[in-house]
Amino acid sequence: MTKIGFIGLGNMGGPMALNLLKNGHQLKVFDLSEDAMQKLGSQGAQLASDAADAVSDVEAVVTMLPAGEHVRAIYQGKDGILGAASQGTLFMDCSTIDVATARAVGEVAEEAGMMMVDAPVSGGVAAAEAGTLTFMVGGSESAFERAQPILGAMGQKIIHAGPSGAGQAAKVCNNMLLGITMIGTCEAFLLADRLGLERQKLFDIASNASGQNWSLTNYCPVPGPVPTSPANREYQPGFTVAMMLKDLKLAQDAAQETGATTPLGAKAMSVYAKFDEAGQGALDFSGIIKMLEGDA
Ligand code: NAD
């Protein structure tokens with residue numbers, strides 16, 4: 001049993017914190033939302049009065065915040081949490097943020113005598129609830145070893161990606177690939193429609209041929225072939241268009257900073273941006289097929 005501070009109890013953080021409690025850890029939680037706090041309080045978590053209180057007198061801390069600016073503010077801002085924690089506390093930031101911020105925050109944490117990993121997740125709210133998330137972890141070997149059992153209470157696969165920032169690098173590359181393969185998969189179904197090829201036939205063949213990919217076989221963007229995919233429930237998320245757009249922007253920022261050539265990543269970002277601007281940000285990202293269908 002570890003005494004853990006948990007900050008950010010939203011759609012993902014809420015169920016993740018609950019899984020830590022279920023696995024016998026002791027939790028001290030903080031969120032700006034009183035409702036989110038009460039949900040965890042009713043399950044036995046101690047309620048902290050602010051972020052600094054959540055990290056004081058604990059052995060480890062998990063943060064699950066919306067974006068890089070929130071992470072920077074809470075770690076490095078005036079009254080940042082690093083000053084309130086005991087020496088040697090392990091910090092695990094599971095938010096999806098840019099690599100540069102992850103590295104900068106990791107460095108400041110180590111200078112303050114703490115241990116830190118960036119540990120973004122793959123898998124949405126359903127995986128957070130089921131405790132089946134994949135964690136991509138950046139940080140030292142010793143920090144990873146300490147983080148592994150705690151992350152293991154919230155996920156199924158815990159992968160050490162490399163030094164500080166490597167978890168976010170893995171996440172941004174993976175999600176750029178996901179955005180691209182989803183659009184490609186939608187295009188294949190739309191072309192099949194025009195060619196008079198049944199959707200189920202395309203699925204049966206491509207899922208056993210070289211077009212096979214996760215967007216097709218696990219998250220199929222047309223209703224029918226994969227009964228659990230959001231296409232079967234009017235594209236209710238799942239993983240929203242707004243979230244995909246956020247990750248594609250992070251990928252493009254990283255590509256620009258490093259000089260990487262990513263023309264399809266850039267195109268995928270502009271396709272999702274157009275769909276988001278059309279007011280569809282809350283839809284599942286596989287719903288992009290609706291816009292492509294309309295454009296045809
Ligand atoms: P969310 O908006 O539901 O939750 C964020 C929570 O952080 C909110 O409850 C908010 O009140 C709280 N918060 C913000 N600033 C705070 C502060 N200063 N102090 C305390 N609490 C604060 O977001 P989410 O869907 O839970 O996503 C969290 C992170 O996980 C994001 O970085 C997102 O990109 C990533 N992610 C989300 C999904 C998904 O499917 N939702 C999947 C993978 C990764």
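Start at 1 and go down the list; that is how both ligands and their atoms are numbered. All values below were derived from every heavy atom in this structure, side-chain atoms included, with hydrogens, water molecules and symmetry-related copies excluded. For the single chain, residues carry numbers from 1 onward in sequence order.
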State the atoms of ligand 1, each with its element, that fall below the 4.0 Å cut-off from a heavy-atom position in [X].
X	answer
Phe239	40 (O), 42 (C)
Lys246	31 (C), 32 (O), 33 (C), 34 (O)
Gly8	7 (O)
Gly124	40 (O)
Ile74	17 (C), 18 (N), 19 (N)
Val121	43 (C), 44 (C)
Ile7	20 (C)
Phe30	19 (N), 20 (C)

Measure from [atom] to every heavy atom in [options] and give the option owning the shortest one.
atom	options	value
atom 15 (N) of ligand 1	Asp247, Leu9, Asn11, Leu32	Leu32
atom 42 (C) of ligand 1	Gly13, Gly123, Ala54, Ala242	Gly123
atom 5 (C) of ligand 1	Ser33, Gly14, Pro66	Pro66

Starting from [atom], locate the nearest protein heavy atom and write down its residue, its atom name and how far away it is, to 0.1 Å.
atom	result
atom 35 (C) of ligand 1	Thr96 OG1, 3.5 Å
atom 13 (N) of ligand 1	Leu65 CD2, 3.7 Å
atom 30 (O) of ligand 1	Met64 CE, 3.1 Å
atom 25 (O) of ligand 1	Met243 CE, 3.3 Å
atom 4 (O) of ligand 1	Gly10 CA, 3.3 Å
atom 11 (O) of ligand 1	Asp31 OD1, 2.7 Å
atom 37 (C) of ligand 1	Met12 CG, 3.6 Å

* **Aromatic ring proximity Phe91/Tyr75, centre distance under 6.0 Å** => yes
* To do: Decide if the gap between the ring center of Tyr219 and the ring center of Phe239 is smaller than 6.0 angstrom.
  => no
* Any idea which heavy atoms bring Met182 and Pro221 closest together, and the distance? -> SD-CB, 3.9 Å
* So Asp118 and Val137, side-chain contact (heavy atoms from CB on, under 4.5 Å) or not? Walk me through it. -> CA-CA 6 Å; Asp118 47 295; Val137 186; over 6 Å; no
* Under 4.0 angstrom from ligand 1, any heavy atom of Pro237? -> no
* To do: For Ala36 and ligand 1, answer yes if some heavy atom of the residue is under 4.0 Å from a ligand atom, otherwise no.
  => no
Less than 4.5 Å apart, side chain to side chain, heavy atoms only: is that true for [X] and [Y]?
X	Y	answer
Met176	Asp247	no
Asn175	Lys171	yes
Gln252	Thr262	yes
Tyr235	Ile289	yes

* To do: Only counting residues at least two apart or in another chain, list the ones meeting side chain to side chain donor-acceptor pair (under 3.5 Å) with Ser286.
  => Asp284
* **Reference residue Phe6; test side chain to side chain contact (heavy atoms under 4.5 Å, CB included); the match among Leu40, Leu18, Val55, Val29** => Val29
* Give a yes or no on whether atom 23 (O) of ligand 1 lies under 4.0 Å from any heavy atom of the protein. => no
* **Spatial distance of atom CG (Leu245) from atom CD (Gln280) [nearest 0.5 Å]** => 13.5 Å
* Without swapping roles, check the side chain of Lys246 against the backbone of Pro66 for a donor-acceptor pair under 3.5 Å. => yes
* Under 4.5 Å between side-chain heavy atoms, chaining through other members, with only Ile, Leu, Val, Met, Phe, Trp and Tyr counted: pull out the rest of the cluster around Leu250, sorted by chain and number. => Val172
